[in-house]
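In what follows, chains carry the letters A, B, and so on, assigned in the order in which the sequence lines appear, proteins first and then strands, with residues in each chain numbered from 1. Remember, it's a predicted structure, so these values are computed and weren't measured experimentally.
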There are 2 protein chains.
Amino acid sequence: MGRNKEFDTALVLHKAMEVFGHYGYEGTSLQNLLDGLGIARQSLYDTYGTKRDLFTTAVKHYVNEKTGMVIAMLDTPGSVKETISHIFHEIVAVLQDEIRCKECFIMQSAIDQIPHDPVLAEFFKQDMQRLEKAFHNALIRAQEQGELSNRHDDLLSLARYLIHARYSLTQAAKLTTDPKVLADISNVTLSTLDY
Amino acid sequence: MGRNKEFDTALVLHKAMEVFGHYGYEGTSLQNLLDGLGIARQSLYDTYGTKRDLFTTAVKHYVNEKTGMVIAMLDTPGSVKETISHIFHEIVAVLQDEIRCKECFIMQSAIDQIPHDPVLAEFFKQDMQRLEKAFHNALIRAQEQGELSNRHDDLLSLARYLIHARYSLTQAAKLTTDPKVLADISNVTLSTLDY
DNA sequence: TTTATATTTGACTGTTTAGTCTATAATGGA
DNA sequence: TCCATTATAGACTAAACAGTCAAATATAAA
């Protein structure tokens with residue numbers, strides 16, 4: 001009994017990613033959120049709690065979504081290099097899309113908050129560990145499959161490199177107006193696997 | 001005639017980099033600045049103008065200082081690969097230093113402001129162009145000197161890649177607690193030049 | 001119809017914000 | 001000494017801030 005939820009909470013959460021991504025956590029006012037989410041103030045507090053709660057929820061939602069997809073892809077049998085290449089082309093495509101790129105920028109706001117938010121810090125630490133394992137295992141498999149030269153003797157370093165390269169593309173997207181640059185960077189990054 | 005300036009304005013500017021880097025632009029209150037700079041409120045306004053003015057001045061000062069050093073190194077005759085290697089080891093060393101790393105983080109705050117500050121956006125655009133030219137020319141020279149394999153057929157992409165890799169190390173420093181990771185990433189990045 | 005939940009609206013609070021103003025003291029050259 | 005400049009201190013303003021509260025309406029199931 002009782003009235004049903006009218007707005008799609010997951011969809012509103014994605015809008016929150018855009019707003020926080022655009023203004024940054026501190027730079028986002030409650031009014032910005034109300035305008036961006038299209039819901040009333042009280043609905044926001046009833047559904048998501050405080051501004052900080054909403055931010056944390058949105059960040060975790062975003063990261064889990066993305067990390068989940070990446071790990072699922074890396075765990076799928078087949079060419080590892082093609083998978084990694086696909087992961088990078090995907091993020092470049094998203095960043096080149098004027099609409100889809102927006103929510104990616106919540107990553108930057110989240111990283112800014114890490115030094116001031118132990119909960120977020122711990123969350124990212126665990127996210128990095130998940131990604132590290134997944135990339136590392138995939139690279140080991142790549143070498144076993146003969147896809148990756150044996151000259152790569154430190155696959156953990158290579159895994160960490162790829163993880164941060166992926167995150168840094170979002171930063172590069174803010175620094176450059178030319179979308180082609182992102183593809184260039186991505187291609188050079190991937191070329192590391194080729195020799 | 002008249003009293004002389006008592007505080008070193010350049011030194012105070014470096015402290016401002018630390019404060020803005022730590023809290024972000026929006027997250028920095030005037031009180032944070034007063035505590036961090038160790039000068040009185042009125043002195044701040046008399047010397048640097050508004051909070052935004054101080055931020056812009058600090059960012060430009062930081063970027064010009066760093067870019068200037070990098071370009072000077074790249075323009076110096078000798079082994080290009082050794083120079084680039086030195087540039088990366090330098091930034092890693094700074095980021096691993098608990099004290100010296102702090103002012104680097106103003107970069108992140110500045111990048112966050114680019115979408116909302118046309119002046120800063122234009123400034124970074126020109127900074128990127130300066131760096132692009134310097135890295136590109138250096139890589140051309142490296143190939144002429146036989147330091148760099150001819151398989152690298154797109155030296156502009158490679159230049160862009162190196163520039164963003166350098167900037168992204170600062171971001172990586174926020175995401176990882178293990179300082180060794182930065183060195184790992186840096187080494188893999190530099191390995192791109194070796195094959 | 002009753003009851004429980006969802007949503008909106010607008011008023012409200014107490015705090016914090018950036019920035020200004022005034023007064024006072026300190027410093028250095030003329 | 002006189003004057004210009006620098007610095008500090010504290011009071012002050014007007015706006016913006018996050019968050020709360022109460023009242024009214026809307027929806028859905030019992």
Stepwise, does the salt bridge (Lys or Arg N to Asp or Glu O under 4.0 Å) test hold for Glu90(B) with Arg100(B)?
CA-CA 11 Å; Glu90(B) 172 63 21; Arg100(B) 285 199 296 160; 3.8 Å; yes

Ignoring hydrogens and angles, state whether a donor on the side chain of Ser85(B) or His89(B) is under 3.5 Å from an acceptor on the partner side chain.
yes

Residues of residues 38-55 of chain B with a heavy atom under 4.0 Å from any atom of DNA chain C, listed by number, are Arg41(B), Gln42(B), Tyr45(B), Thr50(B), Lys51(B)

Between C1' on dT5(C) and CZ on Arg3(A), what's the gap in Å once rounded to a whole number?
9 Å

Starting the side chain at C-beta, find the nucleotide from dA7(D), dA18(D), dT17(C) nearest to Ser29(A).
dA18(D)

Scan side-chain atoms only and decide if Ser29(A) and Asn32(A) contain a donor-acceptor pair under the 3.5 Å cut-off.
yes

Tell me the ring pair (Phe, Tyr, Trp, His ring centres under 6.0 Å) pairs involving residues 156-191 of chain A, sequence neighbours left out?
none

Without decimals, in angstroms, what is the distance between Leu34(B) CG and dG19(C) P?
12 Å

When rounded to whole Å, the CG to P distance for the pair Asn4(A) and dT27(D) reads 11 Å

Tell me which one of Ile87(B), Leu131(B), Asn137(B) satisfies side-chain contact (heavy atoms from CB on, under 4.5 Å) with Leu74(B).
Ile87(B)

Quick one: Glu26(B) CD to dT16(C) C1', roughly how many Å, whole number?
15 Å

Grab the OH-C1' distance between Tyr23(B) and dA18(C) for me, whole Å please.
17 Å

Have Gln108(B) and Thr170(B) got a donor and an acceptor in their side chains that come within less than 3.5 Å?
no

Please give, in whole Å, the distance from dG19(D) P to Gln31(A) CD?
14 Å

Figure out the CG/C1' separation between Leu37(A) and dT8(C), and round it to whole Å.
15 Å

